Asks: 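Right, I'll just put the structure down here and ask away after.
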Amino acid sequence: MKGCVTMPYCPSGRYYTVEPGDTLWLISQKINRPVDDIIRVNPGIDPNRLMVGQVICLPSIIPYGKTTECPTGIYWEVAPGDTLYKIAKTVGTTVDKILALNPYIDPNNLVVGQVICLPSPG
């Protein structure tokens, strides 16, 4: 079909069309998110071979202290000393399950006051 563009799967529903001169670093600066976040939501992307007109997925917009996408409706506010392992152990889940619900977080850099989504119990 002429004019039909295949969109990559994008959980955030936010897309970006690569413009002349764009690099992942420049795009990350435009959206104020780390390059690693862009790579994480675009598995298989070659950061050195972006093509003008290429459509990529952008990470979710996550306001500080809030999460916009939590299908379980169960949240945890990060406190001083919290780690994903400690949180997972406290609520009876795994770090992998927490990360699956929170692909935008840096597991090595949790921020006090940050709100993360937790899996349903059981």
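Just so it is clear, the structure is predicted and the values come from calculations on it, not from any experiment. All values below come from the heavy atoms of this structure, side chains included, with hydrogens, waters and symmetry mates left out.
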Asks: Name the atoms and distances for all side-chain donor-acceptor pairs under 3.5 Å in residues 78-92, with sequence neighbours left out.
Replies:
{"residue": "Asp82", "atom": "OD2", "partner": "Trp76", "partner atom": "NE1", "Å": "2.9"}
{"residue": "Asp82", "atom": "OD2", "partner": "Ala79", "partner atom": "N", "Å": "2.8"}
{"residue": "Thr83", "atom": "OG1", "partner": "Lys86", "partner atom": "N", "Å": "3.0"}
{"residue": "Thr90", "atom": "OG1", "partner": "Lys86", "partner atom": "O", "Å": "2.8"}

Asks: Please report the closest heavy-atom contact between Pro103 and Leu101, naming both atoms and the distance.
Replies: CD-C, 3.5 Å
Asks: Mind listing the closest non-hydrogen atom pair of Glu19 and Lys30 along with its distance?
Replies: OE1-NZ, 3.5 Å
Asks: What residues, two or more places apart in sequence or in another chain, satisfy side-chain contact (heavy atoms from CB on, under 4.5 Å) together with Gln29?
Replies: Trp25
Asks: Are Pro71 and Cys117 side-chain neighbours, meaning at least one heavy-atom pair lies under 4.5 Å?
Replies: yes
Asks: Under a 3.5 Å distance rule, please check whether Thr72 uses its side chain to pair with a backbone N or O of Leu118 as donor and acceptor.
Replies: yes
Asks: What residues, two or more places apart in sequence or in another chain, satisfy side-chain hydrogen bond (donor to acceptor under 3.5 Å, both in side chains) together with Asp37?
Replies: Arg33, Arg40
Asks: Determine whether Leu99 and Ile105 satisfy the following criterion, side chain to side chain contact (heavy atoms under 4.5 Å, CB included), listing intermediate values before the conclusion.
Replies: CA-CA 8 Å; Leu99 285 173; Ile105 66 172; 4.1 Å; yes
Asks: Nearest heavy-atom pair of Val35 and Leu24: which atoms, and what distance?
Replies: CG2-O, 3.8 Å
Asks: Indicate yes or no: at least one non-hydrogen side-chain atom of Pro119 is less than 4.5 angstrom from one of Ile74.
Replies: no
Asks: Who are the side-chain contact (heavy atoms from CB on, under 4.5 Å) partners of Asn48, not counting sequence neighbours?
Replies: Asp46
Asks: For a side chain to side chain contact (heavy atoms under 4.5 Å, CB included) with Ile56, tell me which candidate from Thr17, Ile39, Ile45, Asp22 qualifies.
Replies: Ile45
